[in-house]
Amino acid sequence: MSQSTSAASVHNSDQALKRLKARKSAESRFRFFGIGAIFAAVLMLGWLLNSIVGTGYTAFYQHYMTIDVELTESIVDPDGVRDPDELRKANFRKIMQEAIYARFPEVTDRKEKIALFKVISASGATDQARQMVYQNPSLVGETLTLSVPTSDDVDQLLKGYIDRNAPEARRKVTDQQIAWVDALKATGEIKSKFNWTFFTATDSRDPELAGIAGAVVGSLMALFVAFVVSVPVGVGAAVYLEEFAPQNRFTDFVEININNLAAVPSIVFGLLGLAVFLNFFGMPRSAPLVGGLVLALMTLPTIIIATRSALRAVSPSIVDGALSLGASHTQAVFHHKVPLAAPGILTGSIIGIAQALGETAPLLMIGMVAFVTEIPSTLTEPASALPVQIFLWSDSAERAWAERTSAAIIVLLTVLITMNAVAIFLRNKLERRW
Amino acid sequence: MMSLNTQSDEEPMARFKPVGEVINMSEKREETIAVQPKFQCRDVRVFYGDNEALHGIDIEVAKTGVTALIGPSGCGKSTFLRVFNRMNDTIPTARVTGEVLMDGENIYAKHVDPVLLRARVGMVFQKPNPFPKSIYDNVAYGPRIHGLATTNDELDAIVEKSLKRAGLWNEVKDRLKDPGTGLSGGQQQRLVIARAIAVNPEVILMDEPASALDPIATAKLEELIDELKEKYCIVIVTHSMAQAARVSQKTAFFHLGYLVEYDETQAIFTNPKDQRTQDYITGRTG
Amino acid sequence: MTLVLTALILATIAAAFFFGRHLAVARTGAAVSASFSDRAHSLPAYHGYFAAWSVGLAAFVAVAVGWLLRDKIEPSVIAVLILATIGLGFAFSYRKIGPRFRARNIVEGFVKAVLLLCSGVAVLTTLGIVLSLVFESFRFFEQVPIFDFLTGLQWSPQTALREDQAGQSGAFGAVPIFTGTFMIMLVAMFVAAPIGLLIAIYLSEYASKRTRALVKPMIEILAGVPTVVYGFFALLTVGPTIRGFAESLGFGVPTQSAIAAGSVMGVMIIPFISSLSDDVINAVPQTLRDGSYALGATKSETMTKVIFPAALPGIIGALLLAVSRAVGETMIVVMAAGRAANLTGNPFEAVTTVTVQIVSLLTGDQEFDSPKTLAAFALGLVLFVITLALNVVALLIVRKYRERYE
């Protein structure tokens, strides 16, 4: 009796209650730190997404100028032969210059004329006229109405990224150019349209003409190679290790190997590709084939580990059931275990390939950083990849490039999130629990 | 200490702030029951999600002595044990309704702090669970968090006293700095009892404390329970009817979430009133 | 040409399959319904697979030999050779197939061999990495002494390109690179370790199911963001923000600095640490929590005094893996840390790392055998050895820790 009551007093004394209060506030402090940490991480994610989307969304539209272009025969085809190959070499720059001078006849000063021509994208407009004439030589001598991209500075001005109040000397567009652009905007000759160029064009020196198509195709090719190589090899290796491998030193060695390979920095895989694929086997530089092989080796551990855990999740009773019916071990594994593990294998493969899509460093090592202006059509042609394109563009300081870099990131993140969402969806939909 | 003792011996309720009705009821009961019970449970139900695991349990547990809870697996005896120190609070889906009065105060009342309650109601688990610390630190953990010792000497004294009371002192006094996880199973179980005693509880709950022990360690543990019952209110869950018969004074038989029978241990084992109890103790069910 | 040849061979293999299966059916007749002892050992399809494997293997060997000898022998001879070998494959199957022939066992043996080869790829990859790094590094150390490389205080590979300076000591002293790598790793861990651990603790011990379901995917998004995106974020937003903040306090800080790259890298590593620690904390047995709560401990007391010490080895392992990840990370530092090899202890200056130097040495046009490119492999070897050591130690610690609770 005396023990129990004195004990009660120990825990109910004023001192103990005071202490309890202090302990309780320590508890809430600790809790607060935890919430703070989560808040900090989510805040960083929000900041990142906000900064990328905020910078990038304007790249999805662009300003175009509608302009009447007279294809003067004396400039385009002085000899009058209408040979497409000769026509292609003609001075279309002059044609475009004349066209825009005709729109502002009051501009006569040579310096002012140069400034006026800078309102439109010189190479963008010239290429457009050239292509039309090349494809249809009968257009020579006629007047066409073209919609040509404005120069990147004008585009940025109209998107509100150039401060009109800044002193003229520290501004990329002159007061005069602003006046012209405002006039054209007021008459509706300059309009903003959806920027299809960004999705259909390849890399370019001019931001207003640059697009991600080349890089996307390069990425798809490399991923195709990576998928075709790493999934069968990875699944095969996992099935062997999980089902057939004897318990010996070699198996242990392979297991340790795979675990360590999963943690090797990606750039080291790039060095491997450079030394082995390019220098030893003499494969072509910058090719999606080599990029894909390097990504495949990098993805291999991910797929092996995912497949093994999927196989392990299948109830052993399934295999026992098959064996008891007289199936061989191989039959039991391939008829029952692998099909039942397929959803897990699929999910792991998608996640592995999604990782490969975001990889940049190993591709730099094997030369997929080239300035490629054509969409690659075979696996051995020089190509870029989407993350590498992002890296290349990020180097340029102009606002227009930052905008396009961010837009390319938005595309990349959208694809990645979609892939992961599909993986999670498939896992939830197909997963079977024992 | 002296003054507290004398005061409490005469009037145990005086330390608690009056809670109206409840106090009066318990005072009335005092006339009929010779000793004021430690716990009075009224219509206690435990839910896991929507599933009712215990159906309206009414029981009184004496201030000292051993009360055994027996019954087949899944009958709710362990769930009921965890009602006394509100360990069910740590399971997110669990919910307890009804009243559990400890010395007349409802431990499920809003203002009751489970942290304080658990300092007064110790618990020993099925599998010995010493912390991965030294033997000394295992026992000192409770006194440290509750601030029971102001100096190192006091702490040393508490640790020694608790280990002595748990009958472990002689075996470990020379290696108090060794990890508690290095002891044998029986020693570990006595270590966690020492750990519980060190907090100075009024009640010790034991959840099948001997199920992981060999017969010799079990015998030692039962000896210890026998000594402790003089000073503490002990509630023990066991699936060994022999153990219940050996160590307890009162036995409660649970079946499918119902309290079927509660009586003197002697009476339960020699003259059960309910057919289900009879079936169980004679080995026909369970 | 290659395409046509491949298609032809594939067609031949398919034909071999049907040939083998047909033959098996013809030779065993209605054996399927006969008593057990009379029955054919393997199903007809296995005979088909056997024939396909035999022919395929023969064709593969013949084509490989033909390709190796393509400059020495007439193409027509090679074609005949290939056809003859394929014919041999068919003949071999023809002789073997019959009711007593154990086609299934042989086919299964083939399958296992192929699977074994698949797991051999992982070993070959490691071997390839080690050999190429060691071989190229060896060539580098022939020109630049290894001691100078590991202890030299000056790194300027560009000047070393000049004929008269090649291999001169001082130009390839990697110490500033190592210190830069170390500093950025420290900044990253300074950000990631506390935040990652606290998130793991909160999610495993405090958060309700709903909070977990909401927060976990968000943290996983952080893990899924490609590093090039983090690099651009550091360059575009974080670097200028830090510079602006420092300027408002009166300091000059470059946009590319150890602090900008390191802190963004820290954000990248947060999910890595939090998910690994979450696993480790969850592996601590529930009985320890119950034991502590039953003594009247609060959640934070249980966490800091029981669970955390119990999980400490595992958490140290997780942190080591995170360090290895930070050391090997490339794109963030390439874009946001700078390229100048400054030997400095000030995180507000631009520093360079091992990975940055590998990239800058190997991008652009250059001769492959110059010390400049070979230096990249020497740096790669250092990187590989360090990350490997960190991983091995971390995995050992984690494994030991797991054993304790199993």
Side-chain angles (χ1 to χ4, degrees), chain A residues 23-24 26-27 30-31 33-35 37-38 40-42 44-45 47-48 51-52 55 233 236-237 239-241 244 254 257-261 263-268 271-272 274-276 279 297 300-301 304 328 330 358-361 364-365 369 387 390-391 394 402 405 409 412-413 416 420, chain C residues 104 108 111-112 114-116 118-119 121-123 125-126 128-129 132-133 136 194-195 198-199 201-202 206 215 218-219 221-222 224-229 232-233 235-237 267 270 298-301 321 324 328 330-331 335 355 358-359 362-363 368 376-377 380 383-384 387-388 391-392 395:
Chain A
R23 288 169 64 199
K24 286 284 169 188
E27 171 75 18
F30 192 70
R31 214 186 156 88
F33 282 138
I35 296 174
I38 290 177
V42 173
M44 288 307 280
L45 178 65
W47 191 21
L48 186 147
S51 117
I52 299 289
T55 320
V233 173
V239 169
Y240 178 76
L241 290 174
F244 299 113
V254 173
N257 225 303
I258 288 167
N259 283 335
N260 283 324
L261 216 49
V264 169
S266 61
I267 194 167
V268 172
L271 290 174
L272 169 77
L274 174 60
V276 173
N279 290 324
L297 294 182
L300 205 56
I304 294 178
S328 71
T330 314
E359 261 313 326
T360 321
L364 301 182
M365 297 292 96
V369 271
I390 291 167
F391 170 62
S394 74
T405 313
I409 290 177
L412 179 64
L413 286 181
L416 282 176
N420 281 297
Chain C
R104 201 198 67 226
E108 287 179 359
V111 170
K112 278 184 207 168
V114 169
L115 295 181
L116 177 65
C118 286
S119 43
V121 171
V123 180
T125 308
T126 310
I129 289 174
S132 54
L133 290 181
E136 306 292 351
I195 295 185
L198 281 170
I199 289 177
I201 290 170
Y202 188 85
Y206 285 93
V215 172
M218 287 212 215
I219 306 289
I221 291 180
L222 274 182
V225 172
T227 55
V228 69
V229 176
F232 186 63
F233 176 56
L235 189 67
L236 177 82
T237 311
V267 174
I270 287 173
T298 63
K299 272 193 167 180
S300 60
E301 285 161 352
L321 286 177
S324 142
T330 308
M331 294 319 293
M335 293 163 86
T355 49
I358 295 176
V359 169
L362 287 181
T363 47
F368 188 71
F377 283 90
L383 182 65
F384 181 73
T387 51
L388 187 73
N391 284 314
V392 169
L395 287 176

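Lettering of chains follows the sequences in order, A, B, ..., and the numbering in each one begins at 1.
- Note that OG of Ser119(C) is 5.0 Å distant from CG of Leu241(A), once rounded to the nearest 0.5 Å.
- Contact detail for Ser324(C) and Ala263(A): the closest heavy-atom pair is OG-O, 4.3 Å.
- Using a 4.5 Å cut-off between heavy atoms, Leu271(A) contacts chain C through both its backbone and its side chain.
- Minimum interatomic distance between Leu416(A) and Gly224(C) (heavy atoms only, all atoms of both residues): CD1-O, 4.0 Å.
- The parts of Leu48(A) that come within reach of chain C are both its backbone and its side chain, each placing non-hydrogen atoms under 4.5 angstrom from that chain.
- Interface check for chain A: of the options Cys118(C), Gly328(C), Pro226(C), the most heavy-atom pairs under 4.5 Å are formed by Cys118(C).
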Discussion item. I'd like to know whether Ile358(C) forms a side chain to side chain contact (heavy atoms under 4.5 Å, CB included) with Met365(A), so could you lay out the CA-CA distance, the side-chain angles of the two residues, the decisive distance to 0.1 Å, and finally the verdict.
Written reply: CA-CA 9 Å; Ile358(C) 295 176; Met365(A) 297 292 96; 3.8 Å; yes
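- Residue Val123(C) touches chain A through both its backbone and its side chain, counting heavy-atom pairs closer than 4.5 Å.
- Taking OG1 of Thr126(C) as the reference point, atom CG of Asn257(A) lies at 3.5 Å (rounded to 0.5 Å).
- With a threshold of 4.5 angstrom between heavy atoms, Ile35(A) approaches chain C through its backbone and through its side chain.
- In this structure, chain C has heavy atoms under 4.5 Å from both the backbone and the side chain of Val233(A).
- Taking the charged nitrogens against the carboxylate oxygens, Lys299(C) and Glu27(A) have no contact shorter than 4.0 Å, which rules out a salt bridge.
- Contacts between Thr387(C) and chain A at a heavy-atom distance below 4.5 Å involve the side chain alone, from C-beta outward.
- For Leu395(C), the part lying under 4.5 angstrom from a heavy atom of chain A is the side chain only.
- Only the side chain of Ala40(A) comes within less than 4.5 Å of a heavy atom in chain C; its backbone stays farther off.
- When each of Ile304(A), Asn260(A), Val276(A), Ile258(A) is scored by its heavy-atom pairs under 4.5 Å with chain C, the top score falls to Asn260(A).
- In this structure, the portion of Leu235(C) lying under 4.5 Å from any heavy atom of chain A is its side chain and not its backbone.
- The OG1 atom of Thr55(A) sits 6.5 Å away from atom CZ of Phe232(C), with the distance rounded to the nearest 0.5 Å.
- Using a 4.5 Å cut-off between heavy atoms, Ile52(A) touches chain C through its side chain atoms alone.
- Interface residue Leu300(A): only side-chain heavy atoms are found under 4.5 Å from chain C.
- Rounding to the nearest 0.5 Å gives a distance of 7.5 Å between OG of Ser394(A) and CE of Met331(C).
- Contacts of Ile201(C) with chain A are made by side-chain atoms alone, with heavy-atom separations under 4.5 Å and no backbone atom involved.
- Between Thr298(C) atom OG1 and Lys24(A) atom NZ the span is 7.0 Å, to the nearest 0.5 Å.
- For Ile219(C), the part lying near chain A is the side chain, with the backbone staying farther off; criterion is any non-hydrogen pair under 4.5 Å.
- Only the side chain of Phe244(A) comes within contact range of chain C, with at least one heavy atom under 4.5 Å from a heavy atom of that chain.
- Within a 6.0 Å sphere centred on CZ of Phe33(A), heavy atoms belonging to other residues, nucleotides or ligands number 12 at most.
- Between Thr330(C) and Pro265(A) the shortest side-chain heavy-atom distance does not fall below 4.5 Å.
- Among Leu115(C), Val267(C), Leu198(C), Val229(C), the residue making the largest number of heavy-atom pairs under 4.5 Å with chain A is Leu115(C).
- Here Ala37(A) is the residue among Ala361(A), Ala41(A), Ala37(A) with the most heavy-atom pairs under 4.5 Å with chain C.
- At a 4.5 Å heavy-atom cutoff, the contact between Ile199(C) and chain A is made by backbone and side-chain atoms alike.
- Between chain C and the residues Leu45(A), Val268(A), Ile390(A), the most heavy-atom pairs under 4.5 angstrom are made by Leu45(A).
- With a 4.5 angstrom heavy-atom cutoff, Val215(C) touches chain A only via side-chain atoms.
- Trp47(A) has its side chain within reach of Phe233(C): a pair of non-hydrogen atoms, C-beta onward, lies under 4.5 Å apart.
- Of the options Leu364(A), Val369(A), Thr360(A), a side-chain contact (heavy atoms from CB on, under 4.5 Å) to Val359(C) is made by Leu364(A) and by none of the others.
- Contact count versus chain A (heavy atoms, under 4.5 Å) is highest, among Leu133(C), Val228(C), Leu236(C), Ile195(C), for Val228(C).
- Proximity to chain A involves both the backbone and the side chain of Thr125(C), based on heavy atoms less than 4.5 angstrom apart.
- When each of Leu222(C), Ile270(C), Leu321(C) is checked for heavy-atom pairs under 4.5 Å with chain A, Leu222(C) comes out on top.
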